[in-house]
Amino acid sequence: MEKAFYKSLIDNNRTWVKKRLEQDPNYFKNLAKGQRPPVLWIGCADSRVPANELIGAQPGEVFVHRNIANMVIHTDMNMLSVLDYAVNALKVKHIIVCGHYGCGGIKAAMGNQHIGVIDNWIRHIKDTYRFHHKELDAITDQQKRFDRFVEINVKEQVYDLAKTSIVQSAWKNNQELYIHGWVYDIGTGLVDDLGINFNNNDDLDDVYQLHFGE
Ligand code: CO
């Protein structure tokens with residue numbers, strides 16, 4: 001059974017290639033020439049939130065970084081490297097941080113259960129809770145508090161993106177770069193733009209605003 005499932009993955013790949021080539025015999029030849037995606041997606045690793053699929057994007061259209069609870073942690077070399085390459089080499093115009101309702105990472109951050117090494121990753125999310133605990137603690141309905149925490153976490157990650165030297169440097173150089181926060185609803189398939197769209201560092205607390213050059 002398991003073996004059959006595993007084999008189906010390779011079979012599915014062959015079918016996919018065949019379909020693509022039927023539509024365009026040069027499809028893969030053209031893709032192999034290079035990429036110029038206009039979007040960087042920072043999303044959750046959750047298997048139910050497939051970046052390309054839910055926005056109808058084709059291969060070559062979205063540069064993707066995913067981790068547990070779509071976190072932007074400024075000491076994470078993986079995230080920073082993806083961000084640097086996306087902004088400075090690929091010159092993406094939009095960065096979307098997409099969280100989702102029902103996120104296991106957020107749920108874990110609301111609880112106290114020790115899970116393992118992941119506790120240390122989850123701790124970043126707990127820090128977000130601490131910043132907003134007044135608002136969150138005031139929500140008595142557990143589900144509503146969970147949903148709001150998902151939204152607040154996205155917002156915080158968008159701010160953390162804006163605080164990076166990479167993003168601020170791009171803005172300083174008048175590079176066209178917009179950052180957005182979205183929430184995806186697994187139960188409906190719909191995304192919601194949380195309306196926290198940045199394209200300069202003016203909205204950051206003064207202490208985070210970097211000054212470049214001269
Ligand atoms: Co998640």
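- Between F198 and W171, the ring planes are parallel. Angles under 30° get that label, and only those over 60° would be called perpendicular.
- Residues satisfying the ring-ring contact (aromatic ring centres under 6.0 Å, His included) criterion with F28, sequence neighbours excluded, are W16.
- Side chain to side chain, N200 and Y178 fail the donor-acceptor criterion of an N or O pair below 3.5 Å.
- Note on ring orientation: taking the six-membered ring where Trp is involved, the planes of H94 and H180 are parallel (angle under 30°, cut-offs 30° and 60°).
- Taken from NZ in K126 to CZ in F131, the straight-line distance is 14.5 Å, to the nearest 0.5 Å.
- Taking every heavy atom of both residues into account, K33 and N30 meet most closely at NZ-OD1, 3.0 Å.
- With rounding to the nearest 0.5 angstrom, the CZ atom of F149 is 9.5 Å from the SG atom of C103.
- No salt bridge links K19 with E22; every basic N to acidic carboxylate O contact stays at or beyond 4.0 Å.
- In this structure Y27 satisfies the ring-ring contact (aromatic ring centres under 6.0 Å, His included) test with no other residue, sequence neighbours excluded.
- For D24, the CG atom is densely surrounded, since the number of other residues' heavy atoms within 6.0 Å is greater than 12.
- Distance alone, capped at 3.5 Å, places no donor-acceptor pair between the Q157 side chain and the V97 backbone.
- Put simply, CD on E156 and OH on Y159 are 8.5 Å apart, with the number rounded to the nearest 0.5 Å.
- Between A162 and V167, the closest heavy-atom pair is CA-CG1, 4.1 Å.
- Taking every heavy atom of both residues into account, A69 and C44 meet most closely at N-SG, 3.4 Å.
- Side-chain atoms of Q175 never come within 3.5 Å of backbone atoms of K91 as a donor-acceptor pair (strictly under, hydrogens ignored).
- Remark: Q58 CD is packed, more than 12 non-hydrogen atoms of other residues, nucleotides or ligands lying under 6.0 Å away.
- Residue R66 holds its CZ atom at 11.5 Å from CD1 of I68, rounded to the nearest 0.5 Å.
- Going from atom CD of E135 over to atom CZ of R145 covers 11.5 Å, rounded to the nearest 0.5 Å.
- Contact detail for I42 and N70: the closest heavy-atom pair is O-CB, 3.9 Å.
- Residues forming a salt bridge (charged side-chain N to carboxylate O under 4.0 Å, His left out) with D160 (at least two apart in sequence, or on another chain): K163.
- The two residues V64 and A51 make their nearest non-hydrogen contact at CG2-CB, 4.0 Å.
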Between N88 and D84, does the side chain to side chain donor-acceptor pair (under 3.5 Å) criterion hold? Intermediate values first, please. CA-CA 6 Å; N88 293 320; D84 182 37; 2.5 Å; yes
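- The two residues P37 and L90 come nearest to each other via the heavy atoms CG-CD1, 3.9 Å.
- How far OH of Y101 is from CD of Q143: 10.5 Å, rounded to the nearest 0.5 Å.
- With T188 as the partner, the side-chain contact (heavy atoms from CB on, under 4.5 Å) test is satisfied by one option alone out of D192, L190, V191: L190.
- The main-chain N or O of L161 is found under 3.5 Å from a side-chain atom of T164 such that the two form a donor-acceptor pair.
- With a 4.5 Å cut-off on side-chain heavy atoms, N78 and V82 count as touching.
- The shortest distance between side-chain heavy atoms of L136 and M110 does not fall below 4.5 Å.
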